[in-house]
Visitor: 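Pasting in a structure now, in structure tokens, and then I'll have a few things to ask.
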Amino acid sequence: KYRMSDTLSDDASGGDDGQEDVLTPAELIGKLEEAWLNERFSPELLENKSEMGECVMEQLTHMEANLQRVRRGDVKASVHRMEIDRIRFVLSSYLRSRLQKIEKFFPHVLEKEKSRVEGDPSFLSPEEFAFAKEYLANTETYLKAVALKHMPPNLQTVDMLKAVPEPCLDSFVFLRVRERQENILVEPETDDQREYVVDLDVDSQHLMRYRSIAPLVSSGAVQLI
């Protein structure tokens with residue numbers, strides 16, 4: 001589990017050096033920002049980071065409590081208040097981006113979650129899964145009430161998977177390479193052209209089809225920007 005030390009505590013760095021999963025505030029907020037950018041620029045819903053979000057929320061509450069102990073008028077209080085507000089904005093924007101995708105692609109999101117192999121990471125948190133199911137049920141109820149019940153009997157059902165567009169995985173995204181990659185397939189071989197592969201050097205930036213680099217986003221080898 002992620003855990004972030006307190007930025008305002010004098011002994012924040014003491015006593016936890018032996019725990020591998022304890023991150024500094026900068027490291028954890030960096031992971032939040034990476035997840036936020038990937039979620040905002042990815043055309044599909046990515047693996048949920050609910051544990052990270054919960055950790056950030058707990059730390060924000062702790063930071064708020066510590067901020068109350070700082071003297072009024074201390075410039076440090078203003079700086080930390082701005083940092084708290086910035087972190088809250090990033091976390092809220094991350095969660096909002098996920099909800100927007102769930103609303104836009106809800107039948108496909110649910111189908112992907114249901115077909116997930118046991119042991120694979122979940123794409124939805126329990127709360128998001130409940131929201132998606134409720135959104136599907138409400139949408140079906142609304143369609144039946146305003147349209148389908150007035151249609152002929154053979155047209156009173158609708159296949160949501162066909163009615164709602166899927167995420168466009170062939171859309172282009174900007175990315176920065178974090179780990180060198182070799183022989184990345186950019187364009188498959190067709191009757192008109194040979195397959196096109198490239199090597200991705202660390203810190204290089206590219207504009208590529210999302211489908212080509214989707215596994216690299218999941219693994220953290222590239223960062224969407």
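Computed from heavy atoms alone, side chains included, the values below leave out hydrogens, waters and symmetry copies.
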Visitor: Looking at R88 and E64, does any basic side-chain N land under 4.0 Å from a carboxylate oxygen?
Guide: yes
Visitor: Could you tell me the separation between the CG atom of N38 and the CZ atom of R40, rounded to the nearest 0.5 Å?
Guide: 12.0 Å
Visitor: Work out which heavy atom in V198 is nearest to a heavy atom in V186; give both atom names and the distance.
Guide: CG2-CG2, 3.5 Å
Visitor: Report whether L124 and Y135 are members of the same hydrophobic cluster (ILVMFWY, side-chain heavy atoms less than 4.5 Å apart, transitive linking).
Guide: yes
Visitor: Would you say that V217 contacts V173 through its side chain, given a criterion of any heavy-atom pair below 4.5 Å between the two side chains?
Guide: no
Visitor: Does F123 have K112 sitting over its ring (NZ/CZ under 6.0 Å from centre, angle to axis within 45°)?
Guide: yes
Visitor: Measure from the side-chain N and O atoms of N48 to the backbone N and O of S122, and report whether any donor-acceptor pair falls under 3.5 Å.
Guide: yes
Visitor: Rounded to the nearest 0.5 Å, what's the gap from CZ on F41 to CG on L46? Could you check?
Guide: 12.5 Å
Visitor: Distance-only, no hydrogens or angles: does the R211 side chain make a donor-acceptor pair with backbone N or O of C168 under 3.5 Å?
Guide: no
Visitor: For I102 and A132, which heavy atoms make the closest approach, and how far apart are they?
Guide: CG2-CB, 3.7 Å
Visitor: Walk me through whether E47 and S218 qualify under side-chain contact (heavy atoms from CB on, under 4.5 Å).
Guide: CA-CA 8 Å; E47 175 189 342; S218 298; 5.8 Å; no
Visitor: What distance separates T157 OG1 from L143 CG, expressed to the nearest 0.5 Å?
Guide: 11.5 Å
Visitor: Might you work through the side-chain contact (heavy atoms from CB on, under 4.5 Å) test for D85 and M82, ending with a clear yes or no?
Guide: CA-CA 5 Å; D85 291 342; M82 287 190 292; 5.7 Å; no
Visitor: Is the closest basic N to carboxylate O distance between E111 and K114 below 4.0 Å?
Guide: no
Visitor: Under 3.5 Å, is there a donor-acceptor pair between the side chain of Q205 and the main chain of F174?
Guide: no
Visitor: Counting only N and O atoms by type, is there a donor-acceptor contact under 3.5 Å from the side chain of S42 to the main-chain atoms of E39?
Guide: no
Visitor: Compare every heavy atom of L200 with every heavy atom of M208, then report the nearest pair and how far apart it is.
Guide: SD-CD2, 4.1 Å
Visitor: Please determine whether residues W36 and V222 belong to a single hydrophobic cluster, defined as Ile, Leu, Val, Met, Phe, Trp and Tyr linked transitively by side-chain heavy-atom distances below 4.5 Å.
Guide: yes
Visitor: Could you state whether L224 and V202 fall into the same hydrophobic cluster, counting links through intermediate Ile, Leu, Val, Met, Phe, Trp or Tyr residues with side-chain heavy atoms under 4.5 angstrom apart?
Guide: no
Visitor: OH of Y94 to CG of L99: how many Å apart, nearest 0.5 Å?
Guide: 10.5 Å
Visitor: Could you please spell out the steps behind the side-chain contact (heavy atoms from CB on, under 4.5 Å) verdict for L110 and F129?
Guide: CA-CA 7 Å; L110 285 170; F129 186 58; 3.6 Å; yes
Visitor: Grab the two heavy atoms, one from L136 and one from F106, that are nearest each other, plus how far apart they are.
Guide: CD1-CE1, 3.5 Å
Visitor: Supply the atom-to-atom distance S219 OG to Q181 CD, rounded to the nearest 0.5 angstrom.
Guide: 6.5 Å
Visitor: Spell out, yes or no, whether I225 and I29 are grouped together once hydrophobic residues are joined by side-chain heavy atoms under 4.5 Å, including indirect joins.
Guide: no
Visitor: Please check if the side chain of E166 supplies one atom and the backbone of H108 the other of a donor-acceptor pair under 3.5 Å.
Guide: no
Visitor: Got a donor-acceptor contact below 3.5 angstrom from the K101 side chain to the E44 backbone?
Guide: yes
Visitor: Determine, step by step, whether E128 and E113 satisfy the side-chain contact (heavy atoms from CB on, under 4.5 Å) criterion, reporting the C-alpha distance in whole Å, the side-chain angles of both residues, the deciding distance to 0.1 Å, and the verdict.
Guide: CA-CA 11 Å; E128 289 172 338; E113 184 69 12; over 6 Å; no
Visitor: Which atom pair, heavy atoms only, marks the closest approach of G220 to E179?
Guide: O-OE2, 4.4 Å
Visitor: Within this structure, what is the CE-NE2 distance for the pair M63 and H80, rounded to the nearest 0.5 Å?
Guide: 7.0 Å
Visitor: How far apart are the closest heavy atoms of D199 and N183, and which atoms are they?
Guide: OD1-N, 2.8 Å
Visitor: Taking a hydrophobic cluster as the set of Ile, Leu, Val, Met, Phe, Trp and Tyr residues connected by side-chain heavy atoms closer than 4.5 Å, whether directly or through intermediates, do L37 and V56 fall within one such cluster?
Guide: yes
Visitor: Is it the case that atom CD in E134 sees more than 12 heavy atoms from other parts of the structure closer than 6.0 Å?
Guide: no
Visitor: For the pair E83 and R86, find out whether any cationic side-chain nitrogen is under 4.0 Å from an anionic carboxylate oxygen.
Guide: yes
